[in-house]
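See below for the structure under consideration.
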Amino acid sequence: MIDPVEPLDDGRTPARIFPVGPAEIPLAVPRDPAHGDLATSIAMATARLAGREPRELAAELADRLRESLPAFVSRVEVAGPGFLNLHVRTSAKQDIVLRILTAGADYGRTDRGRGERVNLEFVSANPTGPPVVVSARAAAFGSTLANLLRASGWDVTCEYYVNDTGSQVAALGASLRARWRETRGEPLAIPDGGYHGLYLAEMAAAMDGAEAAAWDALPDAEATAAFAGYALERLGRQIRAQMETFRSPFAVWFSERALHDTGAVDAVLRLFEAKGLVYEKDGARWFRATDFGDDKDRVVVRRDGTPTYFLADAAYHKDKLDRGFDKAIDVLGPDHHGHVTRMQAIARAIGAPAGWLEILLLQWVTLVDGGETVAMSKRAGDFVTMADLVDEVGVDVARAYFLARRRDSHLEFDLALAREQSSKSPVFYAQYASARIAGVLRKAGEAGLAPADRRDLDDLAMREELDLVRQLEQFPDLVADAAEAREPNRLFNYLQDVATLFHKFYHEHQIVSEDDRLSRARLALCRATRQVLANGLALMGVEAPERM
RNA sequence: GCGCCCGUAGCUCAGCUGGAUAGAGCGCAUGCCUCCGGAGCAUGAGGCCGCAGGUUCGAAUCCUGCCGGGCGUACCA
């Protein structure tokens, strides 16, 4: 309904806006339907400049607007301290119902991203243990953001960076080896910095004895590597399966070790050297991160000659750049915010354009069971895994729980609450609306009513009906805005509002009645509502059941 | 010390990049199905939006400074 008048940013100077015609006035959709369908605060913003009273100025603007009103606007009124509220013609709202039904599953798609290629990296948790709850939050966030971006015209590649080499992996190998020896009756001796989780004991118990014995007989470094390789393979498979189950698929699983093997790490080191960004001190080689605003320089090659994770990360981002992505988004866990500056330094050092790398930080998830905080430490082996969480509350509830929160809010996940009261959990509100509509449609199908045509829709004129349409109309913009702001939680909030407006409509009006024409019209509105709920829930990776 | 994030109803959290009387869920109190799904709807109690300044016609929202809480500040990843 706002096609003929593009809403504008508020960024221009009042002097430029005031003298020109109505098409240049910035418009926004008011929260409260009583305030119209489009509104502007232009009169208040420019009153002082014009030396006039806001309401008086608004009245004059309203008169001018009325002279050249777009066809879809029915009336203009001055309200409150000087707002100009535009009301959209009822017939234009009725049109929207048909537009939604025609677009079907495509309703909500736009081309705002214009095909720009985005690399979206998220989760990327070390494969040294089963994914934990924070990974579930990252998976829910990342996959939903990917869905939103794709729906809005971006070309997105979801990527998981696998840290399959380095000291953590060596510790993993040594820990598994210790667990295996334990199965042979030796005392348990997990090395310092090793992993104490029982999952390694279970893994060790299931190992092929002859093979493991052969590995154990190798020199320490080789033995550790062999056990580590075994553990990585098993854990990697587990992680992939769980991400699939959680509806968070990745197109690329990128191996850190491959960067070393192919010489990409060496290459980026030579690149930095050629740019004069590396120097030697205390036997190690340092990257001049301070040149890029970091508070200290960073080691890239240790005294013992091995490259650091930081250097591999530089090689990794160079690889993303070389693959031609217009933009790289990294979703990082809460314990990585100290990396932001140095990673931006990397981006500039590898020659990426300004703004190419975007880093999004997620905040902590505190797991609570009843009133008790559940401790989670992968190394200490005391944790609730992502799989546990899904078993307890299901994928829908878990995803919705995470998606309801802003990414930078620390969130408390109460297992007891989610488990015992899952049927009352917020996600079911929108799902229930969807199922309720499906029920009504089934009933209508039995009554043998034909689909509505445009003339039938003339009967949609009640406030609850039009408020609902007004909400449905905003879906495509909401999706694209949420994608651009990287705020999937907006989608959750929006769907809650859709459900609320539907329930109010449902409560106030009989959908299937003796009046066939009105029944057809209301059923069309129901179908359109269900379409928006289904499309929105699909973007969230949550099911929209026919029955509950 | 320095840096990042967060302080909104009893609890968990929203508040759409500055708008009109600050919202939801849970919990509490009270009404609604002889009628399409009551997992719903309606009403009520409950708020110096951490504190103090500033910008603005207008601030929960932007800026500064405090006070609280979390996290980071490795030749681990």
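Proteins get letters first, then strands, A, B, ... in listed order; numbering begins at 1 in each. Basis for what follows: all heavy atoms, side chains included, without hydrogens, waters or symmetry-related copies.
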Quiz item: Using atom P of each nucleotide, how far apart are B/C48 and B/A22 to the nearest Å?
Solution: 13 Å

Quiz item: B/G23 and B/C49: how far apart are their P atoms, nearest whole angstrom?
Solution: 14 Å

Quiz item: When we call it a touch if two heavy atoms are under 4.0 Å apart, what does A/A39 touch: a base, just sugar-phosphate, or nothing?
Solution: base

Self-check item: Nucleotide nearest A/H35 (side chain, heavy atoms from C-beta), chosen from B/A77, B/A39, B/U21
Solution: B/U21

Quiz item: Whole-Å distance between B/C16 P and A/Q471 CD?
Solution: 15 Å

Quiz item: Below 6.0 angstrom between ring centroids: does that apply to A/Y429 and A/H503?
Solution: yes

Exercise. Provide, to the nearest angstrom, the distance between the CD atom belonging to A/E514 and the P atom belonging to B/C35.
Key: 14 Å

Quiz item: Taking NZ, NE, NH1 and NH2 as the nitrogens, is one of them in A/E53 or A/R48 under 4.0 Å from a carboxylate oxygen of the other?
Solution: no

Quiz item: Just to confirm, is there a sub-4.0 Å distance from OP1 or OP2 of B/C16 to any side-chain nitrogen or oxygen of A/R490?
Solution: no

Quiz item: Which one of A/F492, A/F413, A/F141 satisfies the ring-ring contact (aromatic ring centres under 6.0 Å, His included) criterion with A/F402?
Solution: A/F413

Quiz item: Does the side chain of A/H317 come under 3.5 Å of the side chain of A/D330 through a donor N or O and an acceptor N or O?
Solution: yes

Quiz item: Under a 4.5 Å cut-off applied to non-hydrogen side-chain atoms, are A/P334 and A/V134 in contact?
Solution: yes

Quiz item: So what does A/E546 hit on the nucleic acid, given a heavy-atom distance under 4.0 Å: a base, only sugar-phosphate, or nothing?
Solution: base

Quiz prompt | Presence of donor-acceptor pair under 3.5 Å, side chain of A/H503 and base of B/A39 | solution = no

Exercise. Determine the contact category for A/G439: base if any of its heavy atoms lies under 4.0 Å from a base atom, sugar-phosphate if only primed atoms, P, OP1 or OP2 are that close, otherwise nothing.
Key: base

Practice problem: Could you tell me whether A/A284 contacts a base, only the sugar-phosphate backbone, or nothing, with contacts defined as non-hydrogen atoms closer than 4.0 Å? | Solution: base

Practice problem: Would you kindly give the CZ-to-P distance between A/R463 and B/C41, to the nearest whole Å? | Solution: 15 Å

Quiz item: A/Y429 near the nucleic acid: base, sugar-phosphate alone, or nothing, with a heavy-atom cut-off under 4.0 Å?
Solution: sugar-phosphate

Quiz item: Between the base of B/G3 and the side chain of A/H337, is there a donor-acceptor distance below 3.5 Å?
Solution: yes

Quiz item: Of A/D481 and A/R342, whose nearest nucleotide on RNA chain B comes first from the 5' end?
Solution: A/D481

Practice problem: Could you check whether A/Q363 gets within reach of a base, just the sugar-phosphate, or nothing at all, counting any heavy atom under 4.0 Å? | Solution: sugar-phosphate

Tabulate atom names and distances for all N/O pairs under 3.5 angstrom spanning the protein and nucleotides 58-63 of chain B.
none

Practice problem: Could you give the distance separating B/C66 and B/C2 at their P atoms, to the nearest angstrom? | Solution: 9 Å

Quiz item: When you check the gap from the basic side-chain N to the acidic O, do A/R112 and A/D481 get nearer than 4.0 Å?
Solution: yes

Quiz item: Where does the angle between the aromatic ring planes of A/F292 and A/F287 fall among parallel (under 30°), tilted (30 to 60°) and perpendicular (over 60°)?
Solution: parallel

Practice problem: Scan A/N85 against the nucleic acid and name what it touches under 4.0 Å (heavy atoms): base, sugar-phosphate only, or nothing. | Solution: base

Quiz item: What's the NE2-P distance between A/H336 and B/C71, to the nearest Å?
Solution: 15 Å

Practice problem: Take the protein atom CZ of A/R405 and the nucleotide atom P of B/U8, then report the distance between them rounded to whole Å. | Solution: 14 Å

Quiz item: Is the aromatic ring of A/F83 within stacking range of B/A20, meaning centres under 5.5 angstrom and planes under 30 degrees?
Solution: yes

Quiz prompt | Watson-Crick or G-U stems involving RNA chain B, each at least 3 pairs long, distances under 3.5 Å, ordered by first number | solution = B:1-7 with B:67-73, B:10-13 with B:23-26, B:28-32 with B:40-44, B:50-54 with B:62-66

Quiz item: Is there a side-chain polar atom (N or O) of A/K296 under 4.0 Å from OP1 or OP2 of B/A74?
Solution: yes

Practice problem: Tell me what A/R442 touches on the nucleic acid: a base, only sugar-phosphate, or nothing, going by heavy atoms under 4.0 Å. | Solution: base

Quiz item: Given atom CG of A/D516 and atom C1' of B/C36, what is their separation to the nearest angstrom?
Solution: 14 Å

Exercise. Select base, sugar-phosphate, or nothing to describe what A/D304 touches, counting heavy atoms under 4.0 Å on all strands.
Key: nothing

Practice problem: For A/L478 and B/U17, give me the distance from atom CG to atom C1', rounded to whole Å. | Solution: 14 Å

Self-check item: Separation of the P atoms in B/C11 and B/C57, to the nearest angstrom
Solution: 38 Å

Self-check item: Earlier contact from the 5' end, RNA chain B, for A/P307 and A/I437
Solution: A/I437

Exercise. Send over the distance from A/H507 NE2 to B/C33 C1', rounded to a whole Å.
Key: 9 Å

Quiz item: Which whole number of Å gives the distance between the P atom of B/G10 and that of B/G54?
Solution: 29 Å

Quiz item: Under 4.0 angstrom, heavy atoms only, what part of the nucleic acid is A/A485 near: base, sugar-phosphate, or nothing?
Solution: nothing

